[in-house]
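Just so you know, these numbers use all the heavy atoms, side chains as well, and skip hydrogens, waters and symmetry mates.
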Amino acid sequence: MTSLHNRHINPLILAGLDGQNWHVADYVKRGGYEQLKRILIDKITPEQVIAEMKASALRGRGGAGFPTGLKWSFMPRQYPGQKYLVCNSDEGEPGTFKDRDIIRYNPHALIEGMAIAAYAMGISVGYNYIHGEIWADYDRFEEALDEARAAGFLGDKIAGSEFNFQLHAFHGYGAYICGEETALLESMEGKKGQPRFKPPFPASFGLYGKPTTINNTETFAAVPFVFALGGAAFAGLGRPNNGGTKIFSVSGDVARPGNYEVPLGTPFATLLELAGGMRDGKKIKAVIPGGSSMPVITGDLMMATDMDYDSIAKAGSMLGSGAVIVMDETRCMVKSLLRLSYFYYEESCGQCTPCREGTGWLYRMVHRIEHGQGRVDDLDMLNSIADNIQGRTICALGDAAAMPVRAFIKNYREEFEYHIEHKHCLVPAYI
């Protein structure tokens, strides 16, 4: 069963896709590669391309939400040596499954977007780093690359221009930490996937020590649609500072889990309705709006919140990767946090002491509470440990482990206290 649903509002990247029409001929029939050809044939300057990206208000769709056009402007275009473009398809965030659907159903949008980006930054070589656990999608992307080369959309003198761009697939190894951009670069260089200190940033010292720009799969796949619509029109689909559409991976206790592409700023209640509402008519209890590393929000607050970066931040969480994990009234918050804490404990690369030691400490304490051995001072201790992890590590995995702990305790403290006092769960289904 695929995760793709065709229930979208003003879809772009996922429009009309059914799993069979991913080939280059199908993409060309939908207007594919027209924007790349137009840019090259009309000799639109790289500066104009970047200006259009800035006008689109497209923000990075991988989690950080950094303005894409601004990131592209950091690349030193006049650098005399080799530069690299890298797509981060290392989709390992629990609850996130949009990028693999883009690769599976619309790989040529990603290829065209990367080619446009390469032209804008004067880059001739690119890589797509694909998560190690989706081998079939890696094969699909390799097929799409072969098609694009054969059709003249990759390689030398694309569309009769002087622009040359070679694009390759790189198969990752399945480590969550390699989703962090500098750990990804280390992995590509054949080293252990551990994050680098920053600065220097990849734009000045990236892959093989050369200037490198890294964007997420969905970010690159949106680029052709920015130019098809025009930057201002694309921005107008969303809200100020939140341009365009966004793919949300909706999972958990909903009737129709799947990927839904809607304009940024769409009310969460509308997104939930598209996903069929709550499964079996149960009441919504909690939502993690941007992947498992983001703070949990209560169901009532989420129902009054819109799906954009600023609205989610105002509600006390982050949009992140757009993985919306919905939990109903039967879910035990202690058990849910235990599962998340175990994940980050297992996935810590061990480079930073606060993360290496702290994630294990968090997991063991939550495990103790869940199994009826909790202590009165455990909750304050958990918050203290989280405080000493967050902001004290090279990369954001420490934050990813700490933020859920603090949010679960803040929003569902009475449930944790009940576990500690009564040695079992407050939720009837778990007693």
The single option from Leu110, Ile247, Ile130 passing side-chain contact (heavy atoms from CB on, under 4.5 Å) against Thr217:
Leu110

Tell me every residue that passes salt bridge (Lys or Arg N to Asp or Glu O under 4.0 Å) with Arg406, counting only those two or more places apart in sequence or in another chain.
Asp387

My understanding is that only one of Asp90, Asp99, Asn88, Thr68 makes a side-chain hydrogen bond (donor to acceptor under 3.5 Å, both in side chains) with Asn216; could you say which?
Asp99

Result block: side-chain N/O donor-acceptor pairs under 3.5 angstrom for residues 320-328, not counting sequence neighbours:
from	atom 1	to	atom 2	distance (Å)
Ser321	OG	Thr96	OG1	2.8
Ser321	OG	Gly290	O	3.4
Asp328	OD1	Thr330	N	2.9
Asp328	OD1	Thr330	OG1	2.6

Going by side-chain contact (heavy atoms from CB on, under 4.5 Å), Leu337 matches just one of Val296, Val366, Leu382. Which one?
Val366

Distance (rounded to the nearest 0.5 Å) between Leu264 CG and Asn241 CG:
10.0 Å

Taking ring pair (Phe, Tyr, Trp, His ring centres under 6.0 Å) as the cut-off, I'd like each qualifying pair that reaches into residues 275-321, sequence neighbours left out, listed once.
none

Looking at Arg140 and Asp137, does any basic side-chain N land under 4.0 Å from a carboxylate oxygen?
no

Please identify each residue that fulfils salt bridge (Lys or Arg N to Asp or Glu O under 4.0 Å) with Asp306, with sequence neighbours left out.
Arg239

Do Arg196 and Glu180 sit within salt-bridge range, that is, some charged N less than 4.0 Å from a carboxylate O?
no

Nearest heavy-atom contact between Asp310 and Pro240 is OD2-O, 4.0 Å

Does anything in residues 198-250 pair up under ring pair (Phe, Tyr, Trp, His ring centres under 6.0 Å), and if so which pairs, sequence neighbours excluded?
Tyr84-Tyr208

Walk me through whether Lys83 and Val125 qualify under side chain to side chain contact (heavy atoms under 4.5 Å, CB included).
CA-CA 7 Å; Lys83 297 178 289 186; Val125 178; over 6 Å; no

All side-chain contact (heavy atoms from CB on, under 4.5 Å) counterparts of Asp280, not counting sequence neighbours:
Lys282

Would you give the length of the straight line joining atom CD1 of Ile134 to atom CG of Asp101, rounded to the nearest 0.5 angstrom?
9.5 Å

salt_bridge(Glu162, Lys157) N-O dist < 4.0 Å:
yes

State whether Glu91 and Arg100 are salt-bridged, where the test is any N-O pair (Lys NZ or Arg NE/NH1/NH2 against Asp/Glu carboxylate O) under 4.0 Å.
yes

Report yes or no: is the cationic atom of Arg104 (NZ for Lys, CZ for Arg) under 6.0 Å from the centre of the six-membered ring of Trp22, at an angle within 45° of the ring normal?
no

Just how far is it from atom CG of Leu229 to atom CG of Leu237, taken to the nearest 0.5 Å?
6.0 Å

Under the ring pair (Phe, Tyr, Trp, His ring centres under 6.0 Å) test, which residues partner Phe408, sequence neighbours left out?
none

Would you check, one step at a time, whether the test side chain to side chain contact (heavy atoms under 4.5 Å, CB included) holds for Met403 with Met318?
CA-CA 11 Å; Met403 289 191 295; Met318 290 179 277; 3.3 Å; yes

Salt-bridge test for Lys246 and Glu218: reply yes if a basic N is under 4.0 Å from a carboxylate O, no otherwise.
yes

Return all side-chain donor-acceptor pairs below 3.5 angstrom for residues 25-33, not counting sequence neighbours, or 'none' if the list is empty.
from	atom 1	to	atom 2	distance (Å)
Asp26	OD2	His23	N	3.3
Tyr27	OH	Glu112	OE1	2.5
Arg30	NH1	Asn21	O	2.9
Arg30	NH2	Asn106	OD1	3.0
Tyr33	OH	His108	ND1	2.7

Please list all pairs meeting ring pair (Phe, Tyr, Trp, His ring centres under 6.0 Å) that have one or both residues in residues 170-190, counting only residues at least two apart or in different chains.
Tyr129-Phe170, Trp135-His171, Tyr138-His171, Tyr176-Phe343, Tyr176-Tyr344

Using the side chain to side chain contact (heavy atoms under 4.5 Å, CB included) rule, take Leu338 and Met333 through it: C-alpha gap first, then chi angles, then the decisive distance, then the call.
CA-CA 8 Å; Leu338 176 63; Met333 294 294 102; over 6 Å; no

How would you list, by chain and number, every residue that makes a salt bridge (Lys or Arg N to Asp or Glu O under 4.0 Å) with Glu93, sequence neighbours excluded?
none

Residue list, salt bridge (Lys or Arg N to Asp or Glu O under 4.0 Å) with Glu414, at least two apart or on another chain
none

Which residues pass the ring pair (Phe, Tyr, Trp, His ring centres under 6.0 Å) test with Tyr412, sequence neighbours left out?
none

